[in-house]
Structures are given as C-alpha cells and as structure tokens.
Participant: 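Before anything else, here's the structure in question.
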Amino acid sequence: NADARTHRHANTNAGTDKPILAVRGSFRPITKATLDVIAGARAQFAREHGGESDDMVVLTEMTLRHLAEGGVIDPGDFLERADTLGALGLNVLVSNYARYFRLAAYLVRQTKQPIAIAMGVRRLRELFDEQYYTDLDGGILEGFGRMFKKALRVYPALEGDALVTAQTLEVAPHLRHLYLHLLENAQIQDLADVRREYEQISGRDVLTRIRTGDPGWESMVPAPVVRMIKERNLFGWRG
C-alpha cells in the first residue's frame with residue numbers, strides 16, 4: 001500500500017518540530033552534483049531561518065514513479081538506492097506524491113517550522129506546466145495555493161551551458177505575473193552556493209557508464225557510494 005509506506009517513512013524522519021528540507025530525485029545513484037545541491041540548499045535554508053544547518057531534517061525523497069523502470073517496481077533496486085543514501089547519512093522518504101504540491105502539503109502537516117524543496121531548473125519548469133493541475137477545480141492557482149500556503153521555498157539549481165536560473169527561466173506569458181510574484185516574495189530563490197563544474201553531471205549518464213563498464217562514473221559519485229556499488233555490484237555494475 002503506497003500510502004501506508006509513505007506514512008511510515010515520513011513519521012520516522014519528518015514528524016518533527018524542525019525545519020524540513022526535501023530533495024526529490026531518482027538517486028540511481030546519487031551524484032556529486034546532487035550532493036552539492038543538498039549542501040548548498042541546507043546552508044542557504046539555515047541562513048534564512050536563523051538556525052544551524054544541523055538543526056533541520058533533510059529528506060531525500062523518491063516517488064513510486066521514480067522506483068519504477070519499465071513500469072515495474074523492483075524492490076531490490078529501491079533498497080540499493082536507499083542503502084547508498086544511508087551510506088551518506090541521508091534520510092530517505094518514499095512517497096506516492098507524483099506532484100510537488102501534494103508533497104508540500106504532506107510536509108506541512110509534519111512540522112510547524114519552515115519547509116524548503118530543492119530542485120533543478122527542469123523540475124521548476126514542470127511546476128508551471130498547467131497539464132499537472134487539470135484535475136483541480138482551481139487549476140494551477142489551486143495547486144500553488146496548496147504548495148505555498150506556508151513558508152515554503154523552492155531552490156532551483158543551475159541547468160546546462162545556457163546558465164538558466166530562477167531569474168532567467170521563461171514561463172508561459174499568462175503565468176509570468178504569477179512567477180514574478182513568487183520570485184519577489186522569495187518563495188522561489190536561486191541556489192547561490194553550487195559548483196559550476198558539477199552542472200554537466202547527469203544521473204542517467206552515470207548509470208549508463210556503470211552498466212557499460214566505463215570507469216568515468218567513479219569521479220561523478222561520492223566515494224562512499226562508489227565503494228558500496230563495487231562491493232555489492234549495485235546498479236548493474238559488474239567490475
């Protein structure tokens with residue numbers, strides 16, 4: 001039962017009176033780029049709410065959509081991801097909230113403190129795709145009302161050679177004023193401290209290199225995860 005699984009994991013890690021930082025991904029495996037986003041978002045979020053970076057719950061979140069390959073959920077594959085994240089001391093949250101406003105609404109129920117979500121520019125662009133809100137009577141406005149009704153921040157990371165940021169991202173003209181409202185009220189902020197040299201690291205590219213025996217993947221993945229992949233032949237690695 002997806003809802004029960006989500007509830008158990010969230011109560012373990014997110015039932016708290018601390019600020020919550022969530023980072024969604026497939027983590028197959030986690031890369032240095034993603035780890036850098038987590039570190040940057042953690043430091044920036046701590047500065048905003050006047051606390052320490054250790055005084056928050058950091059959740060690496062996967063939806064059931066990200067657990068499936070070819071439409072089939074492989075429990076072993078999920079456990080591999082969870083183990084590699086755990087090797088870095090990260091909490092793991094599994095949910096069935098494919099859309100961010102449902103994830104945000106769930107996290108709001110877990111704490112009275114501020115909440116932040118770190119994501120790449122591609123996922124930020126998806127937030128402004130109205131097809132994801134067609135089942136809501138209020139459309140995208142209702143979805144955003146649910147998502148931003150509390151002190152929630154979204155930190156987009158940089159994307160590609162064109163250096164797309166929150167300030168330069170293009171959205172549909174009729175949504176531009178909505179986007180500017182969120183920017184001006186600091187609900188969407190650029191992630192300041194990210195390393196440009198990591199921008200070109202792609203999780204899909206890393207996974208392909210692992211499976212084809214290209215050793216170049218090792219420089220793109222945190223060392224503890226590299227060791228675990230090799231020791232346990234994870235993600236299709238065969239030496």
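Just so it is clear, the structure is predicted and the values come from calculations on it, not from any experiment. Just so it is clear, the values below take in all heavy atoms, side chains as well, and ignore hydrogens, waters and symmetry mates.
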Participant: Going by the rule side-chain hydrogen bond (donor to acceptor under 3.5 Å, both in side chains), which residues pair with Glu130 if we only count those two or more places apart in sequence or in a different chain?
Facilitator: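 For Glu130, the residues satisfying side-chain hydrogen bond (donor to acceptor under 3.5 Å, both in side chains) (neighbours in sequence not counted) are His174.
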Participant: Supply the atom-to-atom distance Asn96 CG to Leu103 CG, rounded to the nearest 0.5 angstrom.
Facilitator: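 That separation rounds to 10.5 Å.
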Participant: Under 3.5 Å, side-chain donor or acceptor atoms of residues 232-239 against the rest of the protein: list the pairs with distances, not counting sequence neighbours.
Facilitator:
{"residue": "Arg232", "atom": "NH1", "partner": "Asp83", "partner atom": "OD2", "Å": "3.3"}
{"residue": "Arg232", "atom": "NH2", "partner": "Asp83", "partner atom": "OD2", "Å": "2.7"}
{"residue": "Arg238", "atom": "NH1", "partner": "Asn233", "partner atom": "O", "Å": "3.4"}

Participant: Taking the side chain as every heavy atom from C-beta outward, state whether Met119 and Glu126 have any pair of such atoms under 4.5 Å apart.
Facilitator: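 No, their side chains stay 4.5 Å or more apart.
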Participant: So which atom in Arg81 and which in Phe27 form the shortest heavy-atom distance, rounded to 0.1 Å?
Facilitator: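 Of all heavy-atom pairs spanning Arg81 and Phe27, the closest is CG-O, 3.5 Å.
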Participant: Check Val206 against Val221 and note the closest heavy-atom contact, atom names and distance.
Facilitator: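 Minimum heavy-atom contact is CG1-CG2, 3.7 Å.
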Participant: Mind checking whether Phe45 and Tyr155 have side chains closer than 4.5 Å, heavy atoms only?
Facilitator: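 Yes, side chains in contact.
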Participant: Quick check: does any side chain N or O of Gln44 sit under 3.5 Å from a backbone N or O of Ala192, one acting as donor and the other as acceptor?
Facilitator: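 Here the side-chain-to-backbone pair exists.
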Participant: Supply the atom-to-atom distance Leu107 CG to Ile117 CD1, rounded to the nearest 0.5 angstrom.
Facilitator: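 These two atoms lie 6.0 Å from each other.
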Participant: Assess the residue pair Val154 and Met147 against the criterion (side chain to side chain contact (heavy atoms under 4.5 Å, CB included)); give the C-alpha distance rounded to whole Å, side-chain angles, the decisive distance to 0.1 Å, and a yes or no.
Facilitator: CA-CA 10 Å; Val154 171; Met147 184 165 178; 3.8 Å; yes
Participant: Might you point out which heavy atoms bring Pro224 and Ala87 nearest each other, and give the distance in Å?
Facilitator: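 Heavy atoms only, the tightest pair is CB-O, 4.4 Å.
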Participant: To the nearest 0.5 Å, tell me how far Ile188 CD1 sits from Leu124 CG.
Facilitator: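 Result: 5.0 Å between the selected atoms.
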Participant: Would you give the length of the straight line joining atom CG of Leu169 to atom CD of Gln167, rounded to the nearest 0.5 angstrom?
Facilitator: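 Leu169 atom CG to Gln167 atom CD measures 10.5 Å (nearest 0.5 Å).
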Participant: Give every residue pair that meets the salt bridge (Lys or Arg N to Asp or Glu O under 4.0 Å) criterion with at least one member in residues 85-99, sequence neighbours excluded.
Facilitator: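 Found Arg99-Asp135.
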Participant: Sequence neighbours left out, what passes side-chain hydrogen bond (donor to acceptor under 3.5 Å, both in side chains) with Asn185? Give chain and number order.
Facilitator: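 Testing Asn185 for side-chain hydrogen bond (donor to acceptor under 3.5 Å, both in side chains), a comparison that skips the adjacent residues, returns His181.
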Participant: Treating Tyr133 as the side-chain partner and Leu127 as the backbone partner, does any N or O pair qualify as donor plus acceptor under 3.5 Å?
Facilitator: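 Yes.
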Participant: Taking the side chain as every heavy atom from C-beta outward, state whether Arg125 and Asp129 have any atom pair closer than 4.5 Å.
Facilitator: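 Side chain of Arg125 against side chain of Asp129, heavy atoms only: no contact under 4.5 Å found.
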Participant: Assess the residue pair Met228 and Glu80 against the criterion (side chain to side chain contact (heavy atoms under 4.5 Å, CB included)); give the C-alpha distance rounded to whole Å, side-chain angles, the decisive distance to 0.1 Å, and a yes or no.
Facilitator: CA-CA 9 Å; Met228 181 175 287; Glu80 290 179 1; over 6 Å; no
Participant: Could you state the interatomic distance from CG (Leu136) to CG (Leu141), rounded to the nearest 0.5 Å?
Facilitator: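 Leu136 CG to Leu141 CG: 10.5 Å, rounded to 0.5 Å.
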Participant: Is the shortest heavy-atom distance from the side chain of Trp217 to the side chain of Pro29 under 4.5 Å?
Facilitator: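 They are not in contact (no side-chain heavy atoms under 4.5 Å apart), so the answer is no.
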Participant: Should the pair Lys32-Asp36 be classified as a salt bridge under the 4.0 Å nitrogen-to-oxygen rule?
Facilitator: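 The answer is no: the pair does not qualify as a salt bridge.
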Participant: Assess Arg24 against Tyr100: is NZ or CZ under 6.0 Å from the centre of the six-membered ring, and within 45 degrees of the ring's axis?
Facilitator: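 Positive - Arg24 is close enough to the ring of Tyr100 and near enough to its axis.
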Participant: More than 12 heavy atoms of other residues, nucleotides or ligands under 6.0 Å from CZ of Arg109: yes or no?
Facilitator: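 Enclosed: over 12 neighbouring heavy atoms sit under 6.0 Å from CZ of Arg109.
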Participant: Is the Phe144-Phe128 ring centre distance short of 6.0 angstrom?
Facilitator: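 Ring centres of Phe128 and Phe144 closer than 6.0 Å.
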Participant: How far apart are the closest heavy atoms of Gln113 and Pro19, and which atoms are they?
Facilitator: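 That closest heavy-atom pairing would be CB-N, 3.5 Å.
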Participant: Who passes side-chain hydrogen bond (donor to acceptor under 3.5 Å, both in side chains) against Tyr198, sequence neighbours left out?
Facilitator: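 Applying side-chain hydrogen bond (donor to acceptor under 3.5 Å, both in side chains) to Tyr198 gives Arg195.
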Participant: Determine whether a donor-acceptor pair (N or O, by modelled atom type, separation under 3.5 Å) exists between the side chain of Thr60 and the backbone of Asn91.
Facilitator: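 Yes: the side chain of Thr60 pairs with the backbone of Asn91.
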Participant: Quick one: CG on Leu88 to CG on Leu35, what's the gap to the nearest 0.5 Å?
Facilitator: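 Between Leu88 CG and Leu35 CG, I get 6.0 Å after rounding to 0.5 Å.
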Participant: Taking C-beta and beyond as the side chain, do Val171 and Leu178 meet within less than 4.5 Å on heavy atoms?
Facilitator: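 Sidechains of Leu178 and Val171: no contact.
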Participant: Decide yes or no on side chain to side chain contact (heavy atoms under 4.5 Å, CB included) for Thr111 and Lys18, but give the supporting numbers first.
Facilitator: CA-CA 7 Å; Thr111 183; Lys18 294 183 176 183; 5.5 Å; no
Participant: I would like to know whether Leu90 and Ile30 meet side chain to side chain contact (heavy atoms under 4.5 Å, CB included); could you show each step before the answer?
Facilitator: CA-CA 11 Å; Leu90 295 169; Ile30 188 170; 3.9 Å; yes
Participant: Among all residues two or more places apart in sequence or in another chain, which pass the side-chain hydrogen bond (donor to acceptor under 3.5 Å, both in side chains) test with Glu170?
Facilitator: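 Here no residue qualifies.
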Participant: Under 4.0 Å between a Lys/Arg side-chain N and an Asp/Glu carboxylate O for Arg209 and Asp205?
Facilitator: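 Looking at Asp205 together with Arg209, the answer is yes, because their closest N to O distance falls below 4.0 Å.
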Participant: Ignoring hydrogens, what is the shortest heavy-atom contact between Leu152 and Gln187? Give both atom names and the distance.
Facilitator: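 Smallest heavy-atom distance, with atoms named: O-NE2, 3.2 Å.
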Participant: Just so I know, are the side chains of Gln110 and Ile115 near enough to count as touching, which here means a heavy-atom distance under 4.5 Å?
Facilitator: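 Gln110 does not reach Ile115 side chain to side chain.
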Participant: So which atom in Pro222 and which in Thr31 form the shortest heavy-atom distance, rounded to 0.1 Å?
Facilitator: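 So the minimum-distance heavy-atom pair works out to CD-C, 3.8 Å.
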